Every structure is written in C-alpha cells, then in structure tokens.
K.L.:
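Supplied in structure tokens, the structure appears directly below.
On a predicted model such as this, the values are computed, not experimentally measured, just so you know.
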Amino acid sequence: MTRDDLFNINAGIVKDLCSAIAKYCPNAIVNMISNPVNSTVPIAAEVFKKAGTYNEKKLFGVTTLDVVRAKTFYAGKANVNVAEVNVPVVGGHAGITILPLFSQATPKANLADEDIKALTKRTQDGGTEVVEAKAGKGSATLSMAYAGAIFADACLKGLNGVPDVVECSFVQSTVTELPFFASKVRLGKNGVEEVLGLGPLSDFEQEGLEKLKPELKASIEKGVKFANA
C-alpha cells in the first residue's frame, strides 16, 4: 500500500478514535503510531481542538522505528554494539521527511560521506525494504511493535518522574516554521516537558532539512484539511 492508500483508510479510523478519546479520556497521553503519522497527528490535534481537549504536551507521533533503524544500520557500518548507539532522527515519518542526524551519532565513527548518504537512504526506505523482503505478504509489524513499546515505556518513565527521559517524537513544535516536527523531546509528568532543538547539522543534513520541509508541510495540511472537512 502507498501512504495515500494508508491515509484513505487510517484517517477516518484515527478521526473516530480521537473523537472517542476526547469524550471518554480527554487527559490521556496519546501515542499516534497509525501511518501516515505526518498527517494523522495533525488530524488528532484538530479533533481535540474542536472538542476543547487539545493539549499539545500530550500528543505524540511515534517515530521511534526510524531511530531503531538508524541505530541498527549505523552500528552495523561502524562495527559497534547497537545497544550503545544513539542517533537522533528528525523531520517526519515517511520517505525523505525522515532525516537521521548521523553527524550527532554516538559513539562517534568517522564514516565516509558515501556511507552516510547510503545509511540515510536506507533509513528512509526501511519500510519498503521490509515489504519487499516479505514479498508483499505484510509490513514491518514486529519492529513497529518494538518501537511502540520503547516509546510507551519512555512516556511511562516520564509520568513516573524519571529524570532526563529523551526520545525523538513528532510533536507540535517551533523548532522550524512547520507546526509539527520530529525532534528530541524531554518527557515528564505532563507529557512533553521540553522540545529540544536540532543542534549542529552537517551540510548534507541541512540540505536534507530544506528538501523535506515542502513534503512535510503538504502532509500536515492534508491532515488538517481532512479533519475539518
């Protein structure tokens, strides 16, 4: 299925679910993992706004799978233990809107520019790679569940007052001119405690950032338009 196919099916489901959330558990922290996340998070926000229950600190787009992939691919190339690797992934959660910041990866490995470009492309196309490997018999279900569990666990740690819980997530943001953007977020007792900035970007990443903005903007607007139709 294309992201458009997913939108046509999932947008209505998300709208209905969020109407129910607004009615029955308006103070819930909502982790939106239904694709396309770039559009479903704005749909949720609009539904909550209409219901008078919107709290931007409690709505998260789960982009953890992009981080899991970036870490795994980087660890393989740098020949380091994946458990010790951290790679921030910013932007959105589809294609070129996924921007792994390998220049900020830890532990530091001096990978060639060609390797960074290849790792970036592989992270962006990770979902397609899985679909092709399964020969059309499914998508990335297990890794998606794993990513969802990691992020839900991080939210619970934040709610329980564990300090310095930081994960990447697609949230309402002023990091760029776009209303929603994925970046590192500090989690706490209220959900979002702080949306962290992008930090220093390489020229390649800066170029990627400018390229992704129009596509991400269109996806956000598509969600808003659907919610208000």
K.L.:
NZ of Lys108: more than 12 outside heavy atoms within 6.0 angstrom?
P.N.:
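More than 12 heavy atoms, drawn from other residues, nucleotides or ligands, come within 6.0 Å of this atom.
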K.L.:
For Lys50 and Glu46: C-alpha separation, side-chain torsions, deciding distance, then whether salt bridge (Lys or Arg N to Asp or Glu O under 4.0 Å) applies.
P.N.:
CA-CA 6 Å; Lys50 277 186 189 167; Glu46 291 302 307; over 6 Å; no
K.L.:
Taking all atoms of both residues into account, what is the closest heavy-atom pair of Asn38 and Ser219, and its distance?
P.N.:
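Smallest heavy-atom distance, with atoms named: CB-CB, 3.6 Å.
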K.L.:
How long is the straight-line distance from OG of Ser183 back to CG of Leu99, given to the nearest 0.5 Å?
P.N.:
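Answer for the CG-OG pair, Leu99 versus Ser183, is 11.5 Å.
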K.L.:
Using the rule given for side-chain contact (heavy atoms from CB on, under 4.5 Å), can you reason through Lys222 versus Lys225, listing the C-alpha separation, both sets of side-chain angles and the distance that settles it, and then say yes or no?
P.N.:
CA-CA 5 Å; Lys222 186 175 183 178; Lys225 186 178 174 189; 5.8 Å; no
K.L.:
Please determine whether a side-chain nitrogen of the Lys or Arg among Lys117 and Asp113 lies less than 4.0 Å from a carboxylate oxygen of the Asp or Glu.
P.N.:
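Not counted as a salt bridge, because no side-chain N and carboxylate O are separated by less than 4.0 Å.
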K.L.:
What distance separates Arg69 CZ from Asp125 CG, expressed to the nearest 0.5 Å?
P.N.:
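Here the interatomic distance stands at 10.0 Å.
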K.L.:
Would the distance check show the side chain of Gln124 and the main-chain N or O of Ile98 forming a donor-acceptor pair, the cut-off being under 3.5 Å?
P.N.:
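Flag set: sc Gln124 to bb Ile98 pair under 3.5 Å.
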K.L.:
Does NZ in Lys58 sit with more than 12 non-hydrogen atoms of other residues, nucleotides or ligands closer than 6.0 Å?
P.N.:
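Correct, the count exceeds 12.
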K.L.:
Between Thr40 and Asn10, is any side-chain donor less than 3.5 angstrom from a side-chain acceptor?
P.N.:
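Result is no, nothing qualifies.
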K.L.:
Heavy atoms only: give me the nearest Phe180-Leu216 pair and the separation to one decimal.
P.N.:
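Residues Phe180 and Leu216, closest heavy atoms: O-CD2, 4.1 Å.
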K.L.:
Hydrophobic clusters here meaning ILVMFWY residues chained together by side-chain heavy-atom distances under 4.5 Å, can you tell me if Met144 and Phe73 are in one?
P.N.:
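The answer is no; the residues belong to distinct hydrophobic clusters.
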K.L.:
From Ser202 OG over to Ile116 CD1, what is the distance, rounded to the nearest 0.5 angstrom?
P.N.:
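That separation rounds to 8.0 Å.
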K.L.:
Are any of the side-chain heavy atoms of His93 and Thr97 separated by less than 4.5 Å?
P.N.:
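Answer no - side chains too far apart.
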K.L.:
Which heavy atom in Pro200 sits nearest to a heavy atom in Gln104, and how many Å separate them?
P.N.:
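Result for this residue pair: O-NE2, 3.0 Å.
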K.L.:
Indicate yes or no for a side-chain donor-acceptor contact from Thr176 to the backbone of Leu178 under 3.5 Å, with no hydrogens or angles considered.
P.N.:
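At least one qualifying donor-acceptor pair exists.
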K.L.:
Please assess Tyr74 against Thr123 for the test side-chain contact (heavy atoms from CB on, under 4.5 Å), listing each intermediate value before the final yes or no.
P.N.:
CA-CA 10 Å; Tyr74 177 87; Thr123 304; over 6 Å; no
K.L.:
About how many Å separate CG of Asn228 and CD1 of Ile43, when rounded to the nearest 0.5 Å?
P.N.:
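Going from CD1 on Ile43 over to CG on Asn228, the span is 10.0 Å.
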K.L.:
Hey, does Cys18 have a side-chain heavy atom less than 4.5 Å from the side chain of Met32?
P.N.:
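Side-chain contact under 4.5 Å: yes.
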K.L.:
Do Val162 and Leu196 share a hydrophobic cluster (ILVMFWY, side-chain heavy atoms under 4.5 Å, transitive)?
P.N.:
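No, Val162 and Leu196 fall in different hydrophobic clusters.
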K.L.:
Answer yes or no: is there a side-chain heavy-atom contact under 4.5 Å between Ile220 and Pro179?
P.N.:
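Ile220 reaches Pro179 side chain to side chain.
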K.L.:
What's the shortest heavy-atom distance between Gly61 and Val37, and which atoms?
P.N.:
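Heavy atoms of Gly61 and Val37 come nearest at CA-CG1, 3.8 Å.
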K.L.:
Would you sort out whether Val89 and Thr63 count as a side-chain contact (heavy atoms from CB on, under 4.5 Å), showing the intermediate values?
P.N.:
CA-CA 8 Å; Val89 182; Thr63 59; over 6 Å; no
K.L.:
Do the side chain of Glu167 and the main chain of Ala154 share a donor and acceptor less than 3.5 angstrom apart?
P.N.:
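No; zero donor-acceptor contacts below 3.5 Å.
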K.L.:
Are Val67 and Leu119 connected in a single hydrophobic cluster, I mean Ile/Leu/Val/Met/Phe/Trp/Tyr linked by side-chain heavy atoms less than 4.5 Å apart?
P.N.:
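They do not share one cluster, since no chain of ILVMFWY contacts under 4.5 Å joins Leu119 to Val67.
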K.L.:
Roughly how far apart are Asp115 CG and Asn110 CG, rounded to 0.5 Å?
P.N.:
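The CG atom of Asp115 sits 11.5 Å away from the CG atom of Asn110.
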K.L.:
Would Glu194 and Arg186 count as a salt bridge (Lys or Arg N to Asp or Glu O under 4.0 Å) if you check the C-alpha gap in whole Å, the side-chain angles of each, and the deciding distance to 0.1 Å?
P.N.:
CA-CA 5 Å; Glu194 186 184 5; Arg186 183 173 285 108; 2.3 Å; yes
K.L.:
Is the shortest distance from a Lys or Arg side-chain nitrogen in Glu221 or Lys217 to a carboxylate oxygen in the other one below 4.0 Å?
P.N.:
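Salt bridge flag = yes for Lys217 with Glu221.
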K.L.:
So, do Gln172 and Tyr54 sit near enough that their side-chain heavy atoms are less than 4.5 Å apart?
P.N.:
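Yes; the side chains approach each other to less than 4.5 Å.
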K.L.:
Check this for me: Lys157, atom NZ, are more than 12 non-hydrogen atoms of other residues, nucleotides or ligands nearer than 6.0 Å?
P.N.:
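No, the 6.0 Å shell around NZ holds no more than 12 heavy atoms from other groups.
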K.L.:
Using 0.5 Å steps for rounding, measure from the CD1 atom of Ile9 to the CG atom of Asn35.
P.N.:
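That separation rounds to 12.0 Å.
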K.L.:
What do the steps show when you test Phe181 against Leu198 for side-chain contact (heavy atoms from CB on, under 4.5 Å), and what is the final call?
P.N.:
CA-CA 11 Å; Phe181 198 81; Leu198 297 179; 3.7 Å; yes
K.L.:
How close do Ser173 and Val195 get, counting heavy atoms only, and between which atoms?
P.N.:
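Where Ser173 meets Val195 most closely, the heavy atoms are OG-CG1, 4.1 Å.
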K.L.:
Side-chain contact test, heavy atoms from C-beta onward, threshold under 4.5 Å: evaluate it for Phe151 versus Asn31 and give yes or no.
P.N.:
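The answer is yes, as the side chains (C-beta and beyond) meet within the 4.5 Å cut-off.
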K.L.:
Side-chain heavy atoms nearer than 4.5 Å, only ILVMFWY residues, links allowed to pass through others: does that put Val175 and Phe60 together?
P.N.:
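Hydrophobic grouping puts Val175 with Phe60.
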K.L.:
For residues 110-150, which residue pairs qualify under ring-ring contact (aromatic ring centres under 6.0 Å, His included), counting only residues two or more places apart or in two chains?
P.N.:
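Qualifying pairs, neighbours excluded: none.
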K.L.:
Applying the 4.5 Å side-chain criterion to the ILVMFWY set and letting contacts propagate, would Leu209 and Val185 be lumped into a single cluster?
P.N.:
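Yes, because Leu209 and Val185 connect within a single hydrophobic cluster, where side-chain heavy atoms sit under 4.5 Å apart.
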K.L.:
Restricting to salt bridge (charged side-chain N to carboxylate O under 4.0 Å, His left out), what partner residues turn up for Lys213, sequence neighbours left out?
P.N.:
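Residues passing salt bridge (charged side-chain N to carboxylate O under 4.0 Å, His left out) with Lys213: Glu177, Glu210.
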K.L.:
Relative to each other, are the rings of Phe226 and Phe7 parallel, tilted or perpendicular (30° and 60° limits)?
P.N.:
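Correct class here is perpendicular.
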K.L.:
Would you check if the side chain of Asn55 reaches a backbone N or O of Lys57 as a donor-acceptor pair within less than 3.5 Å?
P.N.:
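Yes; at least one donor-acceptor contact below 3.5 Å.
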K.L.:
Grab the two heavy atoms, one from Leu201 and one from Gln206, that are nearest each other, plus how far apart they are.
P.N.:
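Closest approach of Leu201 to Gln206: CD1-OE1, 3.6 Å.
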